Amino acid sequence: MDLDEFVKQAKERNPHEPEFQQAVEEFASSLAPALERHPEFCQHRILERVVEPERMIQFRVTWLDDQEQVQVNRGWRVQFNCAIGPYKGGLRFHPTVNLSVLKFLGFEQIFKNALTTLPLGGGKGGSDFDPKGRSDFEVMRFCQAFMLELARHVGEDTDVPAGDIGVGAREIGYLYGMYRKLTNRVTGVLTGKGITWGGSNIRPEATGYGAVYFALHALADQGEDLEGKVALISGSGNVAIYAAEKVLQSGGKVLTLSDSSGWIHAPEGLVADQLAELKQLKFEERGRLSEFAEAHQGVSYSEEGKVWQVEGAQLAFPCATHNELEEADARDLIANGVGYVIEGANMPCTADAVHALQDAGVTFGPGKAANAGGVATSGLEMAQNSQRTSWSRQEVDQRLHSIMENIYRNCADTAERYGKPGDLAAGANIAGFVKVATAMIEQGIV
Ligand code: NDP
């Protein structure tokens, strides 16, 4: 099959969707060896089928703000592919959310979920609602209005949403409360729930911890570990803060974090007490990094430049949002001797940045593999909910670690087997695709 022609057609069929086009192009760029080895994939037109979401739902969300004004937002759920399990993927509440962004995220989610070794399909959803600056009551009313519609389309064996940007423990709580009220059913319909009402230990930490476990296995392959190593991290949300925590626990140092207004630099490295304060500031008080820097001597704050310019690091973990690390940033990292870029966020590196990093011999851990620890632990939450049981922190952490090791090995080995040694992005794409494509063929033309 002519992959260039496939990408061209996918772009023509999905105009005005640059993020989705980017994700499809990146994915297709590594598939040639898989299609060569599996001619049946072309015969069954798997590529053409896999880029079409099975179902997309768009709905109006109307709610009253604290001034009793009617607010109108858009809500979506993209149910992309359930060949290997119920649709699974987060909800994002952010003003930049649109169908292109959700289709890119849902598409990536199919292959990420396939890599986790768990039976999970791919989906994504969200709204252009911005929780920032809204009161708790406003967030609650919005979440309730959102669930009034979403409830018809989800279920523990159908589609199990989770959190993402702008959707944390608070939002999952309000969404879950409304689902329970509407359906009179207490089920594992959402993951990321509170620990006393069906949530899993380690779920909040899982994406960040998982990205660092992935990095540890990449380092181990080169005979190295994190002890004494220095990391640059972007973002200061769920993924970034727990990635920082795990770097510290593994003997490394974290020099930077960022939010959408600016970034902090701690030349001596952030310490555990500071991370504990940051969790309180970001998750409870919903504060900004500028406030954190003001309260800590030796931590500077800047709204100019990016964390990637800081010297002295060996690892970089982009953990904020898509396309935040561009080619020029990649060149800064390369010039400063960074040897590992591990994506905590989804598609945080632009295609040009990825090429520059790979050409320079930097080990690149793609998000669909490196940040799969979150959804994997969501899968473990679903398993605990089905069994009406709860596993200890230690048990979930061990399972998470072994899943991340498996994912790393699968990416590295698949890359090797398909003639792309060292190319973890190709390994991730091929391994995820082969699994989903095979399931689709086995289930016939549906
Ligand atoms: P959070 O909402 O907890 O944090 C997001 C962080 O990124 C915040 O610091 C936010 O800054 C910053 N950010 C968001 N948008 C932008 C932007 N446009 N420009 C600059 N900074 C921005 O989200 P998560 O930590 O959950 O998610 C981060 C990334 O990880 C996303 O790409 C998400 O899809 C991905 N991911 C998350 C998983 C999870 O389990 N949560 C699982 C797998 C992937 P500010 O506070 O100023 O908005």
Side-chain angles (χ1 to χ4, degrees), residues 19 23 88-97 101-102 104-109 112-113 115-116 120 122 124-126 130-134 161-172 190-192 199-200 202-211 214 233-245 256-264 278-279 281-283 285-292 301 303 306-308 317-326 329 342-349 365-379 381 400 404 407:
E19 294 85 1
K88 181 91 197 90
L91 295 171
R92 177 176 291 192
F93 293 168
H94 195 272
T96 57
V97 166
V101 169
L102 296 178
F104 122 62
L105 290 164
F107 184 66
E108 295 260 299
Q109 196 84 45
K112 177 191 306 194
N113 293 2
L115 289 172
T116 63
L120 302 170
K124 200 80 190 187
D130 188 358
K132 222 179 280 164
R134 291 291 181 186
D164 190 74
I165 290 179
V167 179
R170 174 183 60 169
E171 290 76 15
I172 292 290
L190 291 163
T191 57
S200 174
I202 301 284
R203 176 61 189 90
E205 296 90 337
T207 309
Y209 279 17
F214 187 95
I233 299 183
S234 64
S236 52
N238 179 265
V239 180
I241 288 185
Y242 287 110
E245 184 168 282
T256 63
L257 290 170
S258 68
D259 60 25
S260 53
S261 313
W263 55 283
I264 56 168
L278 259 172
K279 281 187 213 166
L281 177 78
K282 296 296 290 189
F283 302 146
E285 296 157 22
R286 308 197 184 269
R288 312 294 300 161
L289 284 180
S290 53
E291 298 165 43
F292 177 80
Y301 174 76
E303 293 184 356
K306 290 185 180 177
V307 300
W308 316 123
F317 293 89
C319 296
T321 192
H322 52 277
N323 291 334
E324 55 162 314
L325 196 159
E326 297 169 295
D329 305 318
I342 307 295
E343 294 187 324
N346 285 311
M347 207 167 74
C349 299
K368 62 168 79 70
N371 72 31
V375 71
T377 307
S378 278
E381 183 172 329
L400 168 65
M404 293 315 298
I407 292 175

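What you see is a predicted model, and the numbers here were worked out from it, not measured in a lab. Counting starts at 1 for both ligands and their atoms, following the listed order.
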* Beyond-backbone contact of Tyr209 with Glu245, side-chain heavy atoms, under 4.5 angstrom -> yes
* Side-chain (Lys306) to main-chain (Glu324) donor-acceptor, under 3.5 angstrom -> yes
* To do: Using distance alone, determine whether Arg92 and ligand 1 share an N or O pair under 3.5 Å.
  => yes
* Structure fact -> If you scan protein heavy atoms around atom 42 (C) of ligand 1, the nearest is Thr207 OG1, 3.3 Å
* Any donor and acceptor pair, going by atom type alone, linking the side chain of Asp130 with main-chain N or O of Pro95 inside 3.5 Å? -> no
* **Polar proximity ligand 1 side, Lys112 side, N/O cut 3.5 Å exclusive** => no
* Structure fact -> closest protein heavy atom to atom 33 (C) of ligand 1 is Asp164 OD1, 3.1 Å
* To do: Verify, without hydrogens or angle tests, whether Glu381 (side chain) and Gly192 (backbone) share a donor-acceptor contact under 3.5 angstrom.
  => yes
* Asked: Atom CG of Leu190 and atom CD of Glu171: how far apart are they, to the nearest 0.5 Å?
  -> 12.0 Å
* Return the residue, atom name and 0.1 Å-rounded distance of the protein heavy atom closest to atom 4 (O) of ligand 1. => Gly237 CA, 3.2 Å
* Asked: With no hydrogens and no angle check, is any side-chain donor or acceptor of Arg286 less than 3.5 Å from a backbone partner on Leu281?
  -> no
* Asked: Quick check: does Ala240 get an N/O under 3.5 Å from an N/O on ligand 1?
  -> no
* Structure fact -> Of Thr207, Asn113, Thr191, the one forming a side chain to side chain donor-acceptor pair (under 3.5 Å) with Ser378 is Thr191
* Nitrogen or oxygen atoms of Lys124 and ligand 1 under 3.5 Å apart -> no
* **Under 3.5 Å: N/O of Arg288 near N/O of ligand 1** => yes
* Protein contact of atom 32 (O) of ligand 1 - nearest heavy atom, named by residue and atom, plus distance -> Asn346 N, 3.1 Å
* Asked: Parallel under 30°, tilted from 30 to 60°, perpendicular over 60°: which one fits the rings of His322 and Phe104?
  -> perpendicular
* Decide whether an N or O pair under 3.5 Å exists between Ser260 and ligand 1. => yes
* Asked: Does Thr96 reach the side chain of Glu19, with side-chain heavy atoms less than 4.5 Å apart?
  -> no
* Asked: Any idea which protein heavy atom is nearest atom 2 (O) of ligand 1, and the distance to it?
  -> Gly166 N, 3.1 Å
* Structure fact -> min-distance protein heavy atom vs atom 3 (O) of ligand 1 -> Asn238 N, 2.9 Å
* Is ligand 1 less than 4.0 angstrom away from at least one heavy atom of His94? -> yes
* To do: If you have a sec, work out which protein heavy atom is nearest atom 16 (C) of ligand 1 and how many Å separate them, to one decimal?
  => Thr321 CG2, 3.6 Å
* **Among Ser236, Ala320, Ala162, Ala376, closest by any non-hydrogen atom to atom 29 (C) of ligand 1** => Ala320
* Asked: So, is His322 polar-close to ligand 1, with some N/O to N/O distance under 3.5 Å?
  -> no
* Within the distance-only criterion (no hydrogens, no angle test), does the side chain of Thr256 pair as donor or acceptor with the backbone N or O of Ile233 below 3.5 angstrom? -> yes
* Structure fact -> Checking Glu108, Lys112, Gln109 against Asn346 for side chain to side chain donor-acceptor pair (under 3.5 Å), the one that qualifies is Lys112
* Polar contact flag for Val239 and ligand 1 (N/O pairs, less than 3.5 Å) -> yes
* Under 4.0 Å from ligand 1, counting heavy atoms only, is it the side chain of Ser234, its backbone, both or neither? -> neither
* Is there a heavy atom in Gly168 that sits closer than 4.0 Å to ligand 1? -> no
* State if Ser258 counts as touching ligand 1 under the rule of any non-hydrogen atom under 4.0 Å. => yes
* Using a heavy-atom cut-off of under 4.0 Å, does the side chain or the backbone of Asn371 touch ligand 1, or both, or neither? -> both
* Can you find a pair of side-chain heavy atoms, one from Tyr242 and one from Lys279, that are under 4.5 Å apart? -> yes
* Structure fact -> Honestly, for Met347 the part within reach of ligand 1 (heavy atoms, under 4.0 Å) is neither
* Asked: So how far is it from Tyr301 OH to Ser261 OG, rounded to the nearest 0.5 Å?
  -> 4.5 Å
* Structure fact -> closest protein heavy atom to atom 48 (O) of ligand 1 is Lys132 NZ, 2.9 Å
